[in-house]
Amino acid sequence: MDQLSPAAPGLAIGLRRSYGDSGLNPGGRVIDMTGLDRLIAFDRSTGVMRGEAGVSLSQCLRALVPAGWFLPTTPGASFVTLGGAVANDVHGKNHFSAGSFGNAVRRLGLRRTDGAVHDLQPGDPLFTATIGGLGLTGVIEWVEFQAVRIPSSWLDAEDVAFRNLDEFFDLSDERKDTAEHAMAWVDGLAIGASLGRGVYSFANWSSANRSRQEKSAPERERPRKKMPMDAPGFLLNSFSVKAFNEIYNGLKTMQAGKRLTHHEPFLYPLDAISDWNRLYGARGFYQYQSVVPTVTAREAVRDQLKLIARSRQGSFLAVLKNMGPILSVGTLSFPMSGTTLAMDFPNRGKRTLQLMSDLDRIVMEAGGRLYPAKDGRMSASMFQAGFPQWKDFRAQVDPGLSSGFWRRVSA
């Protein structure tokens, strides 16, 4: 890579799965990393894998799963690059047992725009800044991580309905030591005694005897279906969403129980349909994901859900899950021990922005923070309160790199 001119800050980008502007660089340049897509090395006996930054998690799984290995943790989409997984320090449904992706990274290659090349390992301040560093500390060239052993590519799963938010937390406490993966769908429009109702899904890797072909089913490289057009705006309103939530909650409650499932539909629900964001119409949507500490979680999440229900702006994609005590490696890593709520809000202009500002106050008062990878409007004060080490991070930022997000929150 040639030395870049500092006059026009750049930003390395991958498969562009971030929801907000952390992967955008208005007025600057972007560096497309998807061409760096080679798997460099994979030790089938130890599970150590090294790949270029543009390798997708799906590509990794095509090599890992047949050999009896899996990613240490994974977000809800496999069409994410290794560089993006590191830059956003992604987490999954097993955070309480595995931590975030950065916890499994052993080494990484980083090239600064002044031409300096670094081979970084845990303990190096630049390594710490790069994990969760939103691509601002340099261009990640390759990543080496430790995979985890699995007995098959299938999961023993169980769905358990809960009637309200208190039951969610009770179930979390009850199952925290028995389930490796856990997440809940929550009805964002339920009120009163049903506030926070939903369905909790738990899973562990299955060791049931199956054929070799079933145990090592390869990953697909593209979604099987595609949203062909933007949905008309009138289809997504408070009445249609409420009806969907009522039907979905009823069906999932009736179907609750144990089941055997391949890992793809459980771990990668967002991979089933390409361009699923077009369900929200031409105006798009905001995703709002917060995490609040364990000590304030019950009250803060309850206040969030009450506010969302009153606004009647919730959608059918709402996820509630607990995060564990494993400390994240990165200076700007999002996860903390507590509870995270992620919800999509159709873009209704000022109404939606006001709702999120009101949610910000609840999160800030609870000692929580927002996920930069999914943000498109967080204020500088909200970011700086949620990530008090941001000034330490700023000292590690490559002056030749920038993003819309960073310019907004570091002002």
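FYI, the numbering just counts along the sequence from 1. Everything numeric here is computed off the predicted structure, so don't read it as measured data.
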Output every pair passing salt bridge (Lys or Arg N to Asp or Glu O under 4.0 Å) with a member in [range], not counting sequence neighbours, ordered by first then second residue.
{"range": "residues 116-125", "result": "R107-D119"}
{"range": "residues 70-80", "result": "none"}
{"range": "residues 30-42", "result": "R38-E52"}

**Message:** Run the ring-ring contact (aromatic ring centres under 6.0 Å, His included) test against F393 and tell me which residues pass, sequence neighbours left out.
**Reply:** W406
**Request:** Kindly write out the residues that satisfy ring-ring contact (aromatic ring centres under 6.0 Å, His included) with F383, not counting sequence neighbours, or none if the list is empty.
**Result:** F387, F405
**Asked** Quick one: which of V65, V143, L82 gives a side-chain contact (heavy atoms from CB on, under 4.5 Å) with C60?
**Response** L82
**Request:** Among L320, L359, V319, I308, find the one that has a side-chain contact (heavy atoms from CB on, under 4.5 Å) with M343.
**Result:** I308
Those residues that, when tested against [X], pass side chain to side chain donor-acceptor pair (under 3.5 Å) (two or more places apart):
{"X": "D392", "value": "none"}
{"X": "S45", "value": "D43"}
{"X": "R16", "value": "none"}
{"X": "S18", "value": "none"}

Keeping the roles fixed (side chain from [X], backbone from [Y]), state whether a donor-acceptor pair exists under 3.5 Å.
{"X": "R302", "Y": "L195", "answer": "no"}
{"X": "T352", "Y": "P346", "answer": "yes"}
{"X": "N204", "Y": "T178", "answer": "yes"}

**Cationic N near anionic O, under 4.0 Å, D375 to R369** = no
**Request:** Test N94 against T73 for side chain to side chain donor-acceptor pair (under 3.5 Å), laying out the working first.
**Result:** CA-CA 7 Å; N94 65 342; T73 191; 2.6 Å; yes
**Message:** Quick one, M356 with M382, criterion side-chain contact (heavy atoms from CB on, under 4.5 Å). Give me CA distance, side-chain angles, the key distance, then yes/no.
**Reply:** CA-CA 12 Å; M356 291 187 288; M382 182 71 187; over 6 Å; no
**Request:** Using the test salt bridge (charged side-chain N to carboxylate O under 4.0 Å, His left out), find all partners of R351 that sit at least two apart in sequence or belong to another chain.
**Result:** none
**Request:** Identify, with sequence neighbours excluded, every residue that meets salt bridge (charged side-chain N to carboxylate O under 4.0 Å, His left out) alongside R310.
**Result:** none
**Asked** Does the side-chain contact (heavy atoms from CB on, under 4.5 Å) test come out yes or no for Y288 and R377, once each step is laid out?
**Response** CA-CA 10 Å; Y288 188 94; R377 36 67 59 191; 3.7 Å; yes
**Message:** Between S381 and S379, is the side chain to side chain donor-acceptor pair (under 3.5 Å) condition met? List the steps.
**Reply:** CA-CA 5 Å; S381 59; S379 68; 3.1 Å; yes
Would you tabulate the side-chain donor-acceptor contacts of residues 321-328 under 3.5 Å, counting partners in other chains and residues two or more places apart, or write 'none'?
unit_1: N322; atom_1: OD1; unit_2: T339; atom_2: OG1; d: 2.6
unit_1: N322; atom_1: ND2; unit_2: S172; atom_2: OG; d: 2.9

**Request:** Using the six-membered ring wherever Trp is involved, compare the ring planes of F202 and Y200 and label them parallel, tilted or perpendicular (cut-offs 30° and 60°).
**Result:** parallel
